[in-house]
Amino acid sequence: MVKKWWKESVVYQIYPRSFMDSNGDGVGDLKGIISKLDYLKNLGVDVIWLCPVYESPNDDNGYDISNYQSIIGEFGTMKDWEDLLAGLHDRGMKLIMDLVVNHSSDEHAWFVESRKSKDNPYRDYYIWRSGKDDPEGDGVTEPNNWGSFFSGSAWQYDEATEEYFLHIFSKKQPDLNWENEKVRREVYDMMTWWLDKGIDGFRMDVINLISKVPGLPDSKEGESGFINGPRVHEFMQEMNREVLSKYDVMTVGETCDVTPDDAILFAGEDRGELNMVFQFELMGIDSGPTGKWGVAPWKLSEFKKIVSKWQVELQGKAWNSIYLNNHDQPRLLSRFGNDGEHHSVSGKMLATLLHTLQGTPYIYQGEEIGMTNVRFESIDEYKDIETLNMYREYRDNGHDHSAIMNSIYAKGRDNARTPMQWNDEANAGFTTGTPWLAVNPNYKEINVESALADEGSIFYYYKKLIELRKRHDVIVYGEYVLIDAENEQIYAYTRTLGKEQLLVILNFYEHPARFVLDREKVSFDSNTAELLISNYDVPANQDIDQLTLRPYEARVYKLTVN
Ligand code: NOJ
């Protein structure tokens with residue numbers, strides 16, 4: 001496996017709107033981030049992934065971009081952004097930007113032109129179609145049956161030219177037409193412009209949706225006309241050739257519905273496309289038959305099966321990205337751990353998993369202090385377009401209010417978007433004004449200031465895991481092997497690099513669990529076992545062949561293979 005800086009790095013994701021507000025308008029901003037760079041350096045992360053900071057009408061909090069080369073006023077100026085980049089580089093950290101080019105905002109100059117007339121030079125920058133005959137309905141209907149990720153049809157009728165445009169996300173996020181060479185050229189030029197400003201790479205939003213099936217036919221049940229479309233790899237290779245290959249940067253593609261085989265196509269070491277992708281299989285583990293909002297129980301054996309599949313199938317072929325939450329997902333502690341009595345130990349146990357799998361770990365802001373999901377009383381307190389559209393649709397279809405709220409409590413994106421909790425003062429120290437989204441009421445207990453004051457906090461555990469990554473190549477490059485696949489309480493695995501081996505043992509639940517090491521699977525010299533990290537005090541020289549793990553106990557041993 002080839003050594004690369006981005007394999008050895010730990011990424012920290014910032015959702016700027018919710019990170020730190022410097023001017024009291026209730027919205028996080030670039031100066032706010034700059035004021036926290038020493039905090040990030042102290043944590044030890046290497047790369048910052050900045051969610052969109054571009055001009056945007058904010059229909060989807062910046063994922064609807066109206067100008068790719070300017071900074072949204074409420075976050076600051078281009079000068080602030082340059083100061084941020086310099087501040088990161090001065091501290092030895094890198095910056096990757098969010099690249100959102102499956103769609104733009106409908107307020108982007110290209111779309112403003114495009115919708116004017118059928119022969120406008122920008123018409124083909126987007127995907128326009130006339131309606132289909134519908135003799136049984138109003139005479140005309142959407143061009144096909146594709147649905148939007150944000151509820152309803154993926155087509156919007158536009159009066160001006162009496163045609164529909166495609167929007168896989170909101171009506172204010174029209175899809176760009178990647179079949180049009182000019183669009184691709186614009187995107188590559190824009191990427192080059194940012195790279196020449198000195199950024200260190202891109203996180204690419206829903207990048208596996210850019211190629212649509214020609215003719216845009218109706219999708220059959222279980223099929224999609226736009227996921228991993230026929231030209232997607234051609235486009236990615238072109239982007240790499242034209243832009244990425246000219247810089248030493250890192251790239252991660254957000255790719256929904258991909259299998260490990262797909263990931264190898266996008267991120268295979270010899271493919272000339274991306275460095276890694278975000279997969280969603282694990283994030284789907286608690287979805288019911290109706291999808292994300294139908295919350296279903298999950299089993300540890302299934303969790304291990306998914307993670308192991310990705311670890312094993314990508315081994316030696318492509319690189320994993322490891323994340324357990326982000327700005328679109330509920331908080332990991334509330335979802336996979338215990339955000340009540342076992343808050344601290346379960347947060348550390350999940351952190352152990354995040355940092356000891358093969359792949360680049362991604363920390364989402366607030367995760368390092370154990371921030372949790374939120375439960376707002378009223379739907380009016382929620383701001384996320386996906387949540388609000390779903391609420392409306394489900395209500396229209398007769399669903400019960402409290403059942404919908406329970407889905408939102410479990411899965412809503414605003415769980416991750418409540419402001420960062422800096423201290424126990426008003427608004428958790430995030431703003432002196434009124435926060436755009438209410439602060440989680442648990443900020444009095446869970447906040448950065450108290451984490452920094454407590455040597456045993458989740459924060460210092462993350463810091464230690466990051467330091468360990470820098471010292472032990474086996475943590476980065478070791479090959480993963482699962483132990484005891486069927487065990488429903490313990491997740492244990494080894495990582496091996498030459499003679500060096502890690503043994504990771506995690507109790508995923510609040511009940512104590514017996515762990516008996518299978519010596520046929522793990523063969524090592526007992527005298528060499530060194531405890532690298534644990535979320536409990538562990539007696540010296542304890543026999544690791546048979547252990548009783550305490551609630552959410554995590555241990556990582558370093559061994560020498562026999
Ligand atoms: C994925 C982003 O992570 C999400 O926040 C956004 O809503 C969609 N892509 C559309 O850009």
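Both counts, for ligands and for their atoms, begin at 1 and track the order of listing.
In terms of protein heavy-atom proximity, atom 7 (O) of ligand 1 is closest to Asp60 OD2, 2.5 Å. Taking atom 8 (C) of ligand 1 as the reference point, the nearest protein heavy-atom neighbour is Phe169 CE2, 3.8 Å.
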Q | Derivation and outcome, salt bridge (Lys or Arg N to Asp or Glu O under 4.0 Å), residues Lys309 and Glu281 | A | CA-CA 10 Å; Lys309 173 165 107 183; Glu281 202 174 345; 2.7 Å; yes
Q. Under the salt bridge (Lys or Arg N to Asp or Glu O under 4.0 Å) criterion, do Arg335 and Asp286 qualify, and how do the steps go?
A. CA-CA 9 Å; Arg335 190 180 198 179; Asp286 51 359; 2.8 Å; yes
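Set against the non-hydrogen atoms of Arg203, the atoms of ligand 1 under 4.0 Å away are 2 (C), 3 (O). Atom numbering of ligand 1 starts at 1 in the shown order; those under 4.0 Å from a heavy atom of Arg413 are 4 (C), 5 (O), 6 (C), 7 (O). Close approach of ligand 1 to Glu254 is summarised as follows: ligand atoms under 4.0 Å from at least one heavy atom of the residue are 1 (C), 3 (O), 9 (N). Within ligand 1, the atoms closer than 4.0 Å to a non-hydrogen atom of Phe150 are 7 (O), numbered from 1 in the order shown. The contact set between ligand 1 and Arg417, taken as ligand atoms under 4.0 Å from a residue heavy atom, comprises 5 (O). Every atom of ligand 1 with a heavy atom of His103 under 4.0 Å away is listed here by number and element: 10 (C), 11 (O).
With atom 3 (O) of ligand 1 as the reference point, the heavy atom nearest to it among Val100, Ile168, Asp328, Asn326 is part of Asp328. Counting only non-hydrogen atoms, the option in Ile65, Val101, Asp205 that gets closest to atom 2 (C) of ligand 1 is Asp205.
Stacking of Lys7 on the aromatic ring of Trp319 is recorded, both the 6.0 Å distance cut-off and the 45° axial limit being met.
Here the two rings, on Trp194 and Tyr68, have centers that are 6.0 Å apart or farther.
The shell of residues lying under 4.0 angstrom from ligand 1, judged by heavy atoms, excludes Gln329. The closest approach between a heavy atom of Glu386 and any atom of ligand 1 is not below 4.0 Å.
Annotation: side chain to side chain donor-acceptor pair (under 3.5 Å) contacts of Asn177 (sequence neighbours excluded): none.
The OG1 atom of Thr255 lies 10.0 Å from the CD1 atom of Ile207; values are rounded to the nearest 0.5 Å.
Between Asp248 and Lys94 there is no salt bridge, since none of the side-chain N atoms of the basic residue sits less than 4.0 Å from a carboxylate O of the acidic one.
Residues Phe430 and Gln421 fail the side-chain proximity criterion, which asks for heavy atoms closer than 4.5 Å.
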